[in-house]
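Written below as structure tokens is the structure these notes are about.
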Amino acid sequence: MSQPKRPRVALFVTCLVDMFRPTVGFAAVGLLTEAGCDVEVPQAQTCCGQPAYNSGDRETAKRMARSVIAAFEGYDWVVVPSGSCGAQIVKDYPLLLDGEPGWAARARALSSKTREIVSFLVDEMGFSPTDVRFEGKVTYHDSCSGLRSLGVKAQPRALLGNVEGLELVEMADPDVCCGFGGTFCVKNPEISGKMVSDKTANAAATGAGTLLAGDLGCLMNMAGKAQREGRPLKARHVIEVLAGMADGPAIGEGRE
Amino acid sequence: MSAEEPTSRRFKENVREAMADQSLQKALRAAGGGFVAKRSAAAGAVPEFEAIRDAGRDLKNHVLGHLDLYLAEYEGKVTAAGGHVHWAETAEDMRRIVLDICRKAGARTVNKGKTMISEEAGINGFLEDNGITPVETDLGEYIIQLRHEHPSHIIAPAIHVPAEEVETLFREKHTHLPADRNLDDLSTLLSEARTILRKKYFEAEVGITGANMLIAETGQSVIVTNEGNGDLSQSLPKVHIVLASLEKIVPTLEDAATVLRLLARSATGQEMSVYTTFSSGPRRAEDPDGPEEYHVVLLDNGRTEMVGTEFQEMLRCIRCGACMNHCPVYQAVGGHAYGWVYPGPMGAVLTPSLIGVEEGGLLPNASTFCGRCEAVCPMRIPLPKMMRHWREREFERNLAPKAARYGIRLWAFFAERPALYRLATRAAMFVLGKLGGKRGRFAKLPLAGGWTDHRDFPAPEGETFMAAWAKAEKTKAAR
């Protein structure tokens, strides 16, 4: 009897996870491996190009898209621990490179095999965590791109439901933007500040001690606000919990 | 351009003022998610709602491909019914045409149903300057007219006014009424406004309304209202003027029904507005009532220039307001901050299209691209995509702020050189990790004031993932 072939999965780490929270990268590798994938981390990766794309610098965004395609197209799957960067590859690369000889087809091909990590684990691998514990109440924020561009909504909740000791309490308006928005948060700081304070208030009102989400940008924004407001709310990427790697300091927490 | 000076250029100052305006913030909180819940329930109650959205999108796309044909058909029908169609290329043309009609009618008072095109063309101020008194008959419009303001929302123009300020306003303005009268709730306010407006309906020589649609096959104009004020405004005076923009045209009555099925559900969460009124021209011999003259003034004001560009899809907009009801940015600052006639996501796309990106360029930047507007737009207008197009135009024309342009260039320089990027991020994260390690975050960081003025900045763990991964791989290989 032949073993089913383990899919070769390339991890697109994302620039924020790479720089700020490697734990999320290792959680991704751990979960993907446990789900039956052979994980590789292409060395040529930096960023998906979204900062340029959303700032109106289409040419730079196209160049970065081509680099990512070249570095990642040789794998069975490309998996991203971010709905936002994932949507950039899945939805926006084909639009950006539409009509470019050669690249248009390559962009569509990469798009069709790129997934946000939690939805990949559930929808493609039928994975569910076993023997993972997390004591306490958590609440989950639906990051915009993952939710509205990639349909990530039920999957994280389903997986969290299998974590022993974890109680998920929904906040009001979990699907309303936290106000991060990439460069938006520094270009429109007052509006962003208001949006994130609404978000932390909703999260805190659940009584949960931990705020989870699937995008590090949103998480840094919400963690930073909760800390500025003195709220006892720890922010973590959802896969830290799913991988059983939630015992270190939360985002923005000191090591002491 | 409108007769009113736009303030979209000073969007950032507008935002700061809006944030500090306690009365506005109170009104925004009170209005809050009301529309959102109602729209969701109304859309959810129609199993084929998504299919109707597709049909609406397709019919408007078809119209925009054949705008000239349908407008010609419409004009023919209106003329055949004894009405007049006037073509206004600019807002100024519209003002002049309206004034001419009013003068010929000997008008001293003009009653108005709710119309955003009137706002776009600056009709009220212009009529006043020419000795004609416009009277707004929609309750919200009436309130802001008394306050000398402009609408802050396209379907709820006075949404920025808390209820108790309406009471104060009415006591201040309606001095002929007993001072000790009860104005405790919305219904008493409504009934007072109704009583006052009721008299005015009979005084006006001209009635002006907008149009939610113009129907090519019948030559009718359609308005929807919840107060019935539009009906009285247009049927009692001897002259009825319809103000509309070109893209309001739909081919058939059937198509109008498609739009109607989307409009109220998306706007207020009603199945239908309370009144839906079809106007077919001047009073015919056998009609019991109706105006003696019927005029339609069609405004272009830059719209035909949008046809065939990446902004064409914006012309599908049916002005339901769902995008702003669902927009967290609009909900934080209200409509006036946008600085011109149209606020929220639709305004962020339309304003630079109609009055120029130099004037309105900050608006398409005031979005997180959260996509909630596109998710609820009945016409499936890709609003974030079009806001991004505006950012691209600004970038191409070097209108984007210098700091942003240099920032992107610097970042791209590294991001396009992976080896250098590795070194730079490793060094930077090492330093940041050391500096912030104990506390885990920064309350202040040089060059990051936009972030740290409002929230702490989480410190990195210290080692980059790529460095840690390379190390782990090496160890594995050595074993």
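Per chain, numbering begins at 1; letters A, B, ... match sequence-line order.
Proximity to chain A is limited to the side chain of B/Met429, based on heavy atoms less than 4.5 angstrom apart. Only the side chain of B/Ala375 comes within less than 4.5 Å of a heavy atom in chain A; its backbone stays farther off. Using a 4.5 Å cut-off between heavy atoms, A/Glu229 does not touch chain B at all. Of the two parts of A/Phe184, only the side chain, counted from C-beta on, holds a non-hydrogen atom closer than 4.5 Å to a non-hydrogen atom of chain B. Proximity to chain A is limited to the side chain of B/Val15, based on heavy atoms less than 4.5 angstrom apart.
Looking only at distances, no side-chain donor or acceptor of B/Arg372 sits under 3.5 Å from a matching main-chain atom of A/Cys177. B/Thr368 places no side-chain N or O within 3.5 Å of a backbone atom of A/Gly181 that could act as its donor or acceptor partner. No donor-acceptor pair closer than 3.5 Å links the side chain of B/Arg455 to the backbone N or O of A/Ala223.
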- [ ] Start with the C-alpha distance between B/Tyr421 and A/Gln45, add both sets of side-chain angles, then the distance that settles side chain to side chain contact (heavy atoms under 4.5 Å, CB included), and finish with yes or no.
- [x] CA-CA 10 Å; B/Tyr421 179 90; A/Gln45 62 180 301; over 6 Å; no
* List the steps and the verdict of side chain to side chain contact (heavy atoms under 4.5 Å, CB included) for A/Asp57 and B/Arg405. => CA-CA 9 Å; A/Asp57 184 357; B/Arg405 282 212 312 278; over 6 Å; no
Practice prompt. Give the intermediate values and the outcome of side chain to side chain contact (heavy atoms under 4.5 Å, CB included) for residues A/Asp92 and B/Lys385.
Written response: CA-CA 10 Å; A/Asp92 294 302; B/Lys385 184 175 107 182; over 6 Å; no
Practice task
Just do the side chain to side chain contact (heavy atoms under 4.5 Å, CB included) check on A/Thr60 and B/Arg409 with the steps written out, would you?
Solution key: CA-CA 9 Å; A/Thr60 302; B/Arg409 218 173 277 169; over 6 Å; no
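Of all the listed residues (B/Asn365, B/Val333, B/Leu432, B/Asp453), the one sharing the greatest number of non-hydrogen pairs under 4.5 Å with chain A is B/Asn365. Ranking B/Ala448, B/Ser367, B/Gly436, B/Ala337 against chain A, the residue ahead of the rest is B/Ser367, based on heavy-atom pairs under 4.5 Å.
Between A/Val196 and B/His454, the closest side-chain pair of non-hydrogen atoms is not below 4.5 Å.
When all heavy atoms of A/Val17 and B/Phe465 are compared, the closest pair comes out as O-CB, 4.3 Å. Across all non-hydrogen atoms, the minimal contact from A/Arg228 to B/Ala443 is NH2-O, 3.0 Å.
Separation of atoms NZ (B/Lys12) and NZ (A/Lys187) is listed at 8.0 Å; rounding is to 0.5 Å. Between atom CZ of residue B/Arg441 and atom CD of residue A/Glu253 there is a gap of 8.0 Å, rounded to the nearest 0.5 Å. Rounding to the nearest 0.5 Å gives a distance of 4.0 Å between CD of B/Glu416 and CZ of A/Arg63.
Other residues, nucleotides and ligands contribute more than 12 heavy atoms inside 6.0 Å of the NZ atom of A/Lys62.
Side-chain contact check for B/Arg391 and A/Asn54: no donor-acceptor pair (N or O, by modelled atom type) lies under 3.5 Å.
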